[in-house]
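Worksheet: one structure, shown below.
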Amino acid sequence: MAYEDDLAEIFEISVGEIQDELAFKSLDSWDSLTLLSLVSYLKDNFEVVISNGEINQIETLGQLQELIQNKKA
Amino acid sequence: MKTHIANVKISSIIAVVPEQYSKYDDEVSNYNQAVENSKKLKSVMGYDEHRVISGNTTTADLLNHGFTYLTQQTGLQGTDFDALVLVTQTPDYILPPTSSVLHGWFGLSEDAYCVDINQGCNGYIMGLVQAGMLLQNKDINRVLLCVGDTLSTRTSKQDRNSYPLIGDAAALTIVEFDKEASGFEVELMNRGSAFDALIIPAGGARQPNTEFTKIPTLADDGNTRSSEQLVMQGADVFNFTQTVVPEFLNNFIKSRDLNWDQIQFLYLHQANSFIIKKIAESLKIDSNKVPDAVVGKYGNSSSATIPLAIAMEGKPNNHENQKVVLSGFGVGLSWGAIMTDLDNLDFLEIIKMNGA
């Protein structure tokens with residue numbers, strides 16, 4: 001699953017840690033650069049543009065996935 | 001707005017930076033974020049050192065220093081300018097206009113036209129357009145465009161989103177009427193609905209400064225700042241620079257039946273080198289034509305970054321008959337571009353203001 005691998009690389013964690021309930025903004029690696037990497041990755045690979053406001057409203061990877069699905073739909 | 005401004009040209013540029021600088025490596029410990037992460041940021045964003053004013057030096061002081069040097073070097077004096085356009089977001093006063101202060105210091109004639117424009121990242125483009133439009137008046141032959149900001153004083157030292165990239169600088173540009181000159185091809189855009197993407201919330205009439213607006217607070221993004229300091233919605237601004245700006249620039253070129261191979265330089269607002277590299281990638285333009293070194297050496301001084309980038313690129317006579325595109329984008333949101341022929345300039349230099 002490329003998506004999990006990519007997220008693991010962006011968040012600097014192992015693929016096994018990529019779970020729906022993971023609160024990604026609590027990770028040690030989470031900072032403005034990680035945010036930009038995520039934003040840039042989603043734009044390039046899913047043509048989805050996410051905003052600061054949208055990121056502020058979600059906590060977990062499951063919610064991120066939901067956001068991406070909703071924006072693609 | 002889309003227009004052509006005929007018979008005008010840029011004839012001299014002088015950029016002024018304060019003597020004092022700060023190194024990113026020395027600032028890492030000010031931030032709440034882990035040192036490891038901050039080091040990674042350095043290489044990606046191209047941070048190294050940036051100029052920050054010392055004491056109470058203002059943007060107007062930097063401009064005054066530059067004006068003194070420019071008049072010494074060129075023999076011009078205040079009365080040789082028919083208009084003064086000042087673009088800044090760090091004026092000396094709420095009132096009077098800082099262009100009035102400069103008018104007095106520089107000794108312009110009493111019938112000279114003076115105006116302040118509150119613009120930042122796209123401010124150089126806005127200022128050039130204003131100068132170009134003034135030059136369509138037959139009584140106006142030479143305009144002094146003054147740009148710059150000293151935003152280090154309005155940015156939290158504990159804000160890793162903004163402080164590492166902010167730099168203080170100013171620039172003076174002489175814009176002249178010339179019957180032989182090709183003029184400016186101009187496009188200007190605005191998106192006021194995103195006015196808060198880059199904002200200093202307090203200090204204006206909407207939210208006057210109080211004892212509370214001074215209090216530094218830990219924000220959701222992990223940075224500490226007060227309401228009197230600059231706050232940037234990093235992801236939103238980044239998205240804007242990677243979607244809206246490249247599309248705008250490609251259309252700008254295509255609608256004029258040109259391609260990037262026919263442009264010698266694309267001088268982008270120096271937001272940071274990461275953003276510039278990514279825009280250059282999207283445009284598929286040769287990255288050697290897109291200078292990106294200003295932030296790592298001087299910092300991002302909003303309206304002064306484009307003249308700094310031009311001045312870093314070479315000597316006055318390095319610009320023989322070059323077709324260049326200048327483009328600013330950011331606070332407003334406001335963005336735009338000017339295509340012009342940058343011929344040999346009378347004067348092109350970066351100077352340092354000692355003690356500032």
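Worth saying up front: this structure is predicted, and the values here are computed from it rather than measured. Proteins get letters first, then strands, A, B, ... in listed order; numbering begins at 1 in each.
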Is B:Gln33 close to chain A through its backbone or its side chain, or both, or neither, when contacts mean heavy atoms under 4.5 Å?
side chain

Taking every heavy-atom pair that is under 4.5 Å apart, which of B:Asn223, B:Val44, B:Asn239, B:Asp236 has the most such pairs with chain A?
B:Asp236

If you count heavy-atom pairs within less than 4.5 Å of chain A, which of B:Glu36, B:Lys278, B:Lys40, B:Met45 leads?
B:Lys40

Please determine, among A:Val49, A:Leu36, A:Leu35, A:Val39, the option with the most heavy-atom pairs under 4.5 Å with chain B.
A:Leu36

Give the intermediate values and the outcome of salt bridge (charged side-chain N to carboxylate O under 4.0 Å, His left out) for residues B:Glu228 and B:Lys214.
CA-CA 6 Å; B:Glu228 296 176 17; B:Lys214 287 182 191 3; 3.3 Å; yes

Qualifying residue for ring pair (Phe, Tyr, Trp, His ring centres under 6.0 Å) with B:His50, from B:Tyr24, B:Tyr163, B:Tyr298:
B:Tyr163

Got a donor-acceptor contact below 3.5 angstrom from the B:Thr305 side chain to the B:Gln270 backbone?
yes

I'd like to check B:Phe212 versus B:Ile215 (side-chain heavy atoms, cut-off strictly below 4.5 Å). Are they in contact?
yes

Answer yes or no: is there a side-chain heavy-atom contact under 4.5 Å between B:Thr90 and B:Asp168?
no

Which atoms of [X] approach chain B - backbone, side chain, both or neither, heavy atom under 4.5 Å:
{"X": "A:Ile50", "value": "backbone"}
{"X": "A:Glu54", "value": "neither"}
{"X": "A:Leu33", "value": "both"}

Salt-bridge contact B:Asp25-B:Lys42 (side-chain N to carboxylate O under 4.0 Å):
yes

